[in-house]
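Following: one structure in structure tokens, then a few remarks.
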Amino acid sequence: MKRIFLGLTLAGSLLINAQEKEQSASSKSPVRFGVKAGFNATTVSNSNSEYGDNNEKIKLGSHVGVFVNIPVAEKFSVQPELLFSQMGSKTEEKYVYPSGLDGHMIRQEFSYTTNLNYLTLPVMVQYKILPQLYVEAGPEFGYLLGGKTKGDQRTENTYGSSTTVSSESFSNKIPMELYNRFNFGIGVGAGYYFTQSFGVTARFTAGITELFKNNYYNNKVRNNALQIGVAYQFK
């Protein structure tokens, strides 16, 4: 009888210990890999608008890539990502060149889109407000792969009462020697997972570094991007 009691006690102890280990293991969130994609709404910010009459508008693009979510505490995780991201802006420029000697005046208008292709590495620190809802913030490192400028130019020449107008379209690769290859920004965002695998994401990234190597006319130009998309985590 004594042996039976000892055996039951030992078996119960082993069972309780196994259950505790199982609960402890299940409470730890595993490292999870995933993919994400969506669209970008991007523009550039100018610190000096005195040169010409310039109007920067939002340009739509896309982003796609992979990520890994690494839990570091109960509600905190770190999520590095590797994305292909399209940035740039739509621009409208107007210039007037008057000449007081012969009454000659030239007006030029440019309307073009600048597409910039980046390989970006965001490193986001995420905090779970709810099991499905998180907020995030962190740095983003980018490398400029290339790009293209495409648009139209309109030139108006006035001699006294006579005016001639000419228009042309252009599509050119960006001069890479004028651009900084490295881009750095700070991102803040949020996300919501409808299931353990599928969720939606939103993030705004403000550029810190300047877009161009040379700071003409004391004008600091920086990238800005709003990203909205979907994410899928593999089990």
Side-chain angles (χ1 to χ4, degrees), residues 33-49 51-52 54-68 79-95 108-124 138-154 167-189 201-232:
F33 294 86
V35 294
K36 64 184 303 185
F39 76 86
N40 295 351
T42 64
T43 186
V44 296
S45 59
N46 294 281
S47 62
N48 185 359
S49 59
Y51 181 71
N54 301 337
N55 185 14
E56 301 291 347
K57 296 183 177 180
I58 292 175
K59 181 192 79 70
L60 295 181
S62 62
H63 68 273
V64 62
V66 297
F67 65 87
V68 55
Q79 182 166 298
E81 303 173 359
L82 185 62
L83 307 175
F84 171 79
S85 187
Q86 295 177 322
M87 299 193 204
S89 69
K90 287 184 177 181
T91 306
E92 292 182 355
E93 298 178 347
K94 296 179 181 180
Y95 302 97
Q108 285 187 320
E109 297 180 3
F110 299 86
S111 178
Y112 59 91
T113 300
T114 303
N115 296 294
L116 303 175
N117 298 322
Y118 280 89
L119 187 65
T120 64
L121 177 65
V123 183
M124 296 290 117
E140 177 179 287
F141 308 91
Y143 184 79
L144 180 61
L145 301 174
K148 181 178 287 188
T149 300
K150 184 178 181 179
D152 301 294
Q153 173 185 343
R154 181 179 184 273
S167 300
E168 63 176 318
S169 299
F170 57 89
S171 179
N172 304 307
K173 292 183 178 180
I174 62 170
M176 294 291 290
E177 66 275 8
L178 301 181
Y179 286 77
N180 284 316
R181 283 293 188 100
F182 176 74
N183 185 69
F184 176 75
I186 298 295
V188 293
T201 64
R203 179 185 301 158
F204 177 76
T205 303
I208 303 299
T209 55
E210 294 186 34
L211 185 60
F212 297 103
K213 290 181 179 180
N214 296 315
N215 186 353
Y216 295 109
Y217 308 102
N218 196 28
N219 187 20
K220 298 179 180 180
V221 182
R222 299 182 175 93
N223 283 308
N224 294 295
L226 173 65
Q227 297 178 322
I228 297 177
V230 296
Y232 183 85

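Model, not experiment: these values are computed from the prediction. Quick note: numbers below take in every heavy atom, side chains included, and nothing from hydrogens, waters or symmetry partners.
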Applying side chain to side chain contact (heavy atoms under 4.5 Å, CB included), run through Thr149 and Thr113 and close with a yes or a no.
CA-CA 6 Å; Thr149 300; Thr113 300; over 6 Å; no
Please find the pair of heavy atoms, one from [X] and one from [Y], that lie closest to each other, and give the distance.
| X | Y | answer |
| --- | --- | --- |
| Pro122 | Leu83 | CG-CD1, 4.1 Å |
| Ala231 | Thr201 | CB-CG2, 4.0 Å |
| Ser89 | Thr43 | CB-CA, 3.8 Å |
| Asn224 | Ala206 | OD1-CA, 3.5 Å |
| Met124 | Pro139 | CE-O, 3.6 Å |
| Thr42 | Gly88 | OG1-O, 2.9 Å |

Side chain to side chain contact (heavy atoms under 4.5 Å, CB included) involving Ser171 - partner list, sequence neighbours excluded:
Lys148, Lys150
Side chain to side chain contact (heavy atoms under 4.5 Å, CB included) filter on Tyr143, not counting sequence neighbours, yields Leu145, Arg181
Taking Ser85 for its side chain and Tyr118 for its backbone only, find out whether a donor-acceptor pair lies under 3.5 Å.
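Between the backbone of Tyr118 and the side chain of Ser85 there is no qualifying donor-acceptor contact (under 3.5 Å).
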I'd like a table of donor-acceptor pairs (distance under 3.5 Å, sequence neighbours excluded) in which one partner is a side-chain atom from residues 57-64, with atom names and distances.
residue: Lys57; atom: NZ; partner: Glu92; partner atom: OE2; Å: 3.1
residue: Lys59; atom: NZ; partner: Met87; partner atom: O; Å: 3.4
residue: Lys59; atom: NZ; partner: Asn115; partner atom: OD1; Å: 3.2
residue: Ser62; atom: OG; partner: Gln86; partner atom: OE1; Å: 3.1
residue: His63; atom: ND1; partner: Asn40; partner atom: OD1; Å: 2.8

With side chains defined as the heavy atoms from C-beta onward, is the minimum distance between [X] and [Y] less than 4.5 Å?
| X | Y | value |
| --- | --- | --- |
| Asp152 | Ser167 | no |
| Leu116 | Asn183 | no |
| Thr91 | Phe110 | no |

Quick one: list whatever passes ring pair (Phe, Tyr, Trp, His ring centres under 6.0 Å) with Phe141, sequence neighbours left out.
Phe184
With Phe33, which residues qualify under ring pair (Phe, Tyr, Trp, His ring centres under 6.0 Å), at least two apart?
none
For residues 173-180, which side-chain N or O atoms pair as donor and acceptor with protein atoms under 3.5 Å away, sequence neighbours left out?
residue: Asn180; atom: ND2; partner: Glu210; partner atom: O; Å: 2.9
residue: Asn180; atom: ND2; partner: Phe212; partner atom: O; Å: 3.0

Quick one: salt bridge (Lys or Arg N to Asp or Glu O under 4.0 Å) partners of Lys90, sequence neighbours excluded?
none
Who pairs with Tyr232 by side-chain hydrogen bond (donor to acceptor under 3.5 Å, both in side chains), at least two apart in sequence or on another chain?
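Counting only residues at least two positions away or on another chain, Tyr232 forms no side-chain hydrogen bond (donor to acceptor under 3.5 Å, both in side chains).
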Residues passing the side-chain hydrogen bond (donor to acceptor under 3.5 Å, both in side chains) test with Gln153, sequence neighbours excluded, are Thr155
Leu119 side, atom CG; Phe84 side, atom CZ - distance, nearest 0.5 Å
9.0 Å
d(Arg154 CZ, Ser111 OG) to nearest 0.5 Å is 12.5 Å
Pair listing, salt bridge (charged side-chain N to carboxylate O under 4.0 Å, His left out) test, anchored in residues 34-43, at least two apart
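Output for this query lists Lys36-Glu81.
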